[in-house]
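Note that ligands are numbered from 1 as they come in the structure, with each ligand's atoms numbered from 1 the same way.
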Amino acid sequence: MTLQLNDPDLLRQQAYVDGQWVDADSGATFPVIDPATGEAIAHVPRMGAAETRRAIEGAERARTAWAGLLAKERARLLRDLADAMLANADDLGTIMTAEQGKPFAEAKAEVAYAASFFEWFGEEAKRVYGETIPAPMPERRIVVLRQPIGVTVGITPWNFPSAMPTRKAAPALAVGCPMVLKPAEQTPLSALAVAVLAERVGIPAGVFSIVTGDAEDAPLIGGEMTSNPIVRKLSFTGSTEVGKLLMEQCSRTVKKVSLELGGNAPFLVFDDADLDDVIAAINVAKYRNAGQTCISANRVLVQDGIHDAFVERMVDLSRTVNVAPGFDPAATIGPLIDEPALAKVARHVEDARARGGEVLVGGGVHEQHGRTFFLPTVITGADMSWQMSNEETFGPVTAVHRFASEAEAVRTANDTPFGLAAYLFTRDHARIWRVGEALDYGMISINTGFISAAEAPFGGVKESGIGREGSHHGIEDFLEMKYLAWAGIRDAG
Ligand code: NAP
C-alpha cells in the first residue's frame with residue numbers, strides 16, 4: 001500500500017537515534033499494519049537494548065548544551081516544531097489514519113492537539129521560577145532552584161500516536177531534558193514523522209530520539225530504559241499491568257516515574273440532566289476513536305427517572321454512527337486497532353448477554369467491513385458483575401446501569417481500582433460539588449465530553465497512575481528542586 005503524501009519524506013522506515021536515521025543492528029524489521037485493511041504500510045526497525053543504549057548516551061551528550069540554551073531559545077524551536085506539524089497536518093493525519101485507523105478528520109484534530117503541547121510548554125518553560133524562603137537565622141538565606149531532571153525516556157501506546165509522544169516530549173524538551181521515546185508497535189510512523197520535523201526545525205542531535213521495536217522487543221528496550229543509570233525519569237502511558245512492571249524496574253535505580261495508565265470511566269446521568277448535552281457528550285466519550293481511549297465512558301450509570309429516555313436517544317445516536325474505513329469522508333468511527341482488540345470487545349458483549357443484558361442495537365461485527373470493524377452497541381441491564389464493568393472494553397459498546405440514589409451512583413462509580421476520568425451530568429450545582437468531591441478520580445468532566453487540553457492537568461489516581469501531563473503541573477515532573485543554603489550574610493559592620 002502506498003500512502004498519498006504531499007511530502008513523502010515524512011514517512012520514515014528507519015528509527016531516529018542520536019540525530020541519525022538508522023536501521024536495527026540486526027537489520028530486522030517489522031510491518032506496520034493498516035487496521036482497516038490488514039495490509040502492511042511500512043516496515044520499521046526491530047531494535048533492542050544496544051540501540052536504546054546508544055540513544056540514551058547520545059541524549060546524555062546533548063544534555064548540557066540543550067539545558068544551557070535560554071528558555072526562550074528552546075521555546076522558539078518548539079514553536080517552530082508546532083508550526084511545522086500544523087503546516088503538515090494533512091500528511092501527519094494521513095499517516096495516522098493509515099496506521100491507527102481513526103477517521104481522517106479525527107486524525108487531523110489529534111495532530112493539532114499534539115502540536116499544541118509544543119507551543120504551550122515552550123511558552124510555559126519561560127516561567128520555571130525558583131523561590132526564596134525566609135530563613136531561621138539572620139545570616140542565612142534559603143534559595144530554591146528548579147532545574148531540568150536530566151535524560152528522560154518515554155513509552156507510548158497506539159491509541160493517540162501523535163499526541164501521546166508530544167505530551168511527553170514537549171515538557172521534557174521545553175525545560176531542557178532530552179528524551180528517548182519508544183512508540184507502540186502498531187503506530188511508530190506518527191512519532192517518526194514528528195522526529196523528521198524536529199530535525200528540520202533544528203532540534204539538535206540527541207535531544208529527541210525514537211527507538212522502534214515490536215512487542216517482543218519492548219521488554220528489551222524498556223529494560224535498558226529503566227536500568228540505565230543515565231536515565232533520570234520515565235514517562236509511560238499504557239496499560240496498568242505494564243506500568244506496574246516498569247515502575248518496579250525503575251525502583252532499582254530510583255528513577256522518577258510518571259504513569260498514565262488504564263481507566264474505567266463512569267458516566268453519571270442524573271434525572272435533572274439536559275439530555276441534549278448528555279447525548280452530545282457521550283458521542284465524544286464513547287465514539288471518539290471507536291471507544292479506544294483511556295477516558296472512554298466505560299460504565300454508563302443512569303438514574304431511574306431519565307433511564308428510558310436516555311436509552312432511546314442513545315440507540316438513535318448509535319444508529320447514526322457511520323462505521324467505515326478512516327479514509328472514507330463519511331466515516332465517524334473506523335476500525336479497532338487489530339483483531340485481538342475486536343475479540344476482546346466481542347467477549348465483553350457475549351459476557352453481558354450471558355448475564356442477562358439486552359442488546360438493543362449492534363452487538364457484533366460490521367457485515368460489510370468485517371475483521372476489525374465493530375458495530376456501535378447499546379446494552380441495558382448492566383451491573384458490576386459484568387466483565388465490561390471491571391475491565392476497559394476499548395470499543396464502541398455502551399453498557400447502561402440503572403441507579404436510584406446519588407449515594408448508590410457514587411458507590412458504584414468508585415467501585416474499581418481505577419481512577420482516571422469520570423463524567424457527571426446534572427443541573428444541580430450543589431450535587432455537582434457533592435458528587436465531584438466524592439468521586440475518586442483525577443478528572444471530573446461536568447456536563448461535557450471534552451476533558452483534554454494542553455492547559456489542563458491530565459492524569460489519574462489509584463491504579464490509573466502517578467503524576468500529571470499538561471498544564472504547569474505537567475512541567476514539574478521534568479524538574480528537580482535544588483536547595484541552596486547560604487550562610488555568612490552578616491551586617492556590613
Ligand atoms: P500497553 O500494552 O501497556 O503498551 C503501551 C506501551 O508499552 C507500548 O509502547 C508497548 O510496546 C510498551 N510495552 C509493553 N510491554 C512493555 C515492557 N515489558 N517494557 C517496556 N515497554 C512495554 O498498552 P496499549 O495496549 O498500547 O495501550 C492501551 C492502554 O493505554 C489502555 O489501558 C489505556 O487506557 C492506556 N492509556 C492511558 C492513557 C492515559 O493518559 N492514562 C492514555 C492513552 C492510553 P509494544 O507496543 O511494542 O508492545
Side-chain angles (χ1 to χ4, degrees), residues 15 30-33 44-49 52 99-100 110 113-114 117 153-168 180-188 190-191 210-228 231 234-250 257-265 288-298 336-338 340-341 344 391-395 416-421 441-443 451-452 456-470 474:
F30 66 96
V32 181
I33 305 292
V44 299
R46 285 196 59 183
M47 295 185 148
T52 308
E99 68 176 348
Q100 203 274 347
E110 183 185 330
Y113 173 53
F117 287 106
V153 292
I155 300 179
T156 51
W158 48 263
N159 57 353
F160 291 94
S162 192
M164 293 303 100
T166 66
R167 196 165 77 177
K168 298 188 182 315
V180 177
L181 185 107
K182 190 204 96 63
E185 168 185 15
Q186 293 93 334
T187 58
S190 293
I210 310 270
V211 289
T212 54
D214 67 12
E216 238 177 79
D217 308 320
L220 306 175
I221 296 170
E224 180 63 30
M225 286 178 159
T226 53
S227 64
N228 192 315
V231 174
L234 164 79
S235 178
F236 171 75
T237 297
S239 62
T240 295
E241 186 193 352
V242 174
K244 286 178 182 175
L245 176 75
L246 296 173
M247 188 178 179
E248 198 179 311
Q249 289 175 197
C250 282
V257 293
S258 301
L259 304 173
E260 296 285 351
L261 307 177
N264 181 3
R288 184 170 65 124
N289 209 359
Q292 303 172 107
T293 89
C294 53
I295 56 172
S296 289
N298 208 48
L336 299 177
I337 189 69
D338 52 25
K344 180 182 182 188
E391 296 170 30
E392 289 176 296
T393 299
F394 253 51
T416 168
F418 300 101
L420 190 58
Y441 287 83
M443 297 173 285
I451 303 182
S452 309
F458 192 102
V461 300
K462 294 161 75 180
E463 294 190 21
S464 287
I466 295 177
R468 293 293 181 271
E469 289 189 328

**OP:** Begin from the C-alpha positions of S190 and E99 and carry the test side-chain hydrogen bond (donor to acceptor under 3.5 Å, both in side chains) through to its verdict.
**Re:** CA-CA 8 Å; S190 293; E99 68 176 348; 2.6 Å; yes

Original post:
Can Q249 and T226 be said to form a side-chain hydrogen bond (donor to acceptor under 3.5 Å, both in side chains), step by step?
Top reply: CA-CA 6 Å; Q249 289 175 197; T226 53; 2.8 Å; yes

**OP:** Carefully, step by step, assess K344 and E391 under the rule side chain to side chain contact (heavy atoms under 4.5 Å, CB included).
**Re:** CA-CA 10 Å; K344 180 182 182 188; E391 296 170 30; 3.5 Å; yes

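Taking each of L261, L181, D214 in turn, the one with a heavy atom nearest to atom 41 (N) of ligand 1 proves to be L261. Here atom 35 (C) of ligand 1 lies nearest to G238 when heavy atoms of G238, A184, G154, A265 are compared. For the residues P340, G223, A218, C294, the heavy atom positioned nearest atom 20 (C) of ligand 1 is part of A218. Between the choices R167, M164, Q249, E469, the shortest heavy-atom distance to atom 40 (O) of ligand 1 belongs to R167.
The atoms of ligand 1 that sit less than 4.0 Å from any heavy atom of P157 are 26 (O), 27 (O), 43 (C), 44 (C). Listed by number with element, the atoms of ligand 1 under 4.0 angstrom from any heavy atom of V242 are 3 (O), 13 (N), 14 (C), 15 (N), 16 (C), 22 (C). The ligand atoms of ligand 1 that sit less than 4.0 angstrom from a heavy atom of L420 are 41 (N). Below 4.0 Å from some heavy atom of G222 lie the following atoms of ligand 1, by number and element: 20 (C).
Considering only heavy atoms from C-beta on, K182 stays 4.5 Å or farther from T52 through its side chain. Between V257 and L246 the shortest side-chain heavy-atom distance does not fall below 4.5 Å. Residues T166 and Y113 fail the side-chain proximity criterion, which asks for heavy atoms closer than 4.5 Å.
Within the structure, the closest approach of G465 to ligand 1 does not fall below 4.0 Å when heavy atoms are considered.
Of the protein's non-hydrogen atoms, K182 NZ, 3.0 Å is the one closest to atom 11 (O) of ligand 1. If you check which protein heavy atom lies closest to atom 32 (O) of ligand 1, you get E392 OE1, 2.7 Å. Nearest protein heavy-atom contact of atom 2 (O) of ligand 1 is S239 OG, 4.0 Å. F394 CZ, 3.4 Å is the protein heavy atom nearest to atom 33 (C) of ligand 1. Closest to atom 46 (O) of ligand 1, if we only count protein heavy atoms, is E185 N, 2.8 Å. The protein non-hydrogen atom at the shortest distance from atom 18 (N) of ligand 1 is L245 CD2, 3.5 Å. Regarding atom 12 (C) of ligand 1, its nearest protein heavy-atom neighbour is I155 CG2, 3.7 Å. If you check which protein heavy atom lies closest to atom 25 (O) of ligand 1, you get W158 NE1, 3.2 Å.
Below 3.5 Å of separation, one finds no N or O of L246 facing any N or O of ligand 1. Ligand 1 has no nitrogen or oxygen under 3.5 angstrom from a nitrogen or oxygen of T293. In terms of polar-atom proximity, defined here as any N/O pair under 3.5 Å, T237 makes no such contact with ligand 1. The distance criterion of under 3.5 Å between nitrogen or oxygen atoms is not met by T240 with respect to ligand 1. Distances between N or O atoms of T156 and those of ligand 1 include at least one value under 3.5 Å. Below 3.5 Å of separation, one finds no N or O of N159 facing any N or O of ligand 1.
Scanning for side chain to side chain donor-acceptor pair (under 3.5 Å) contacts around S464 gives an empty result, with sequence neighbours left out. Here Q186 pairs with nothing under the side chain to side chain donor-acceptor pair (under 3.5 Å) rule; sequence neighbours left out.
Across all non-hydrogen atoms, the minimal contact from N264 to Y441 is O-OH, 4.0 Å. For S239 against L261, the heavy-atom pair with the smallest separation is O-CD2, 3.6 Å. Considering every non-hydrogen atom in both I337 and Q100, the closest pair reads CD1-O, 3.9 Å.
Counted by atom type alone, S235 and E469 present one or more donor-acceptor pairs between their side chains at under 3.5 Å.
Here K244 pairs with E463 in a salt bridge; the nearest charged N to carboxylate O distance falls below 4.0 Å.
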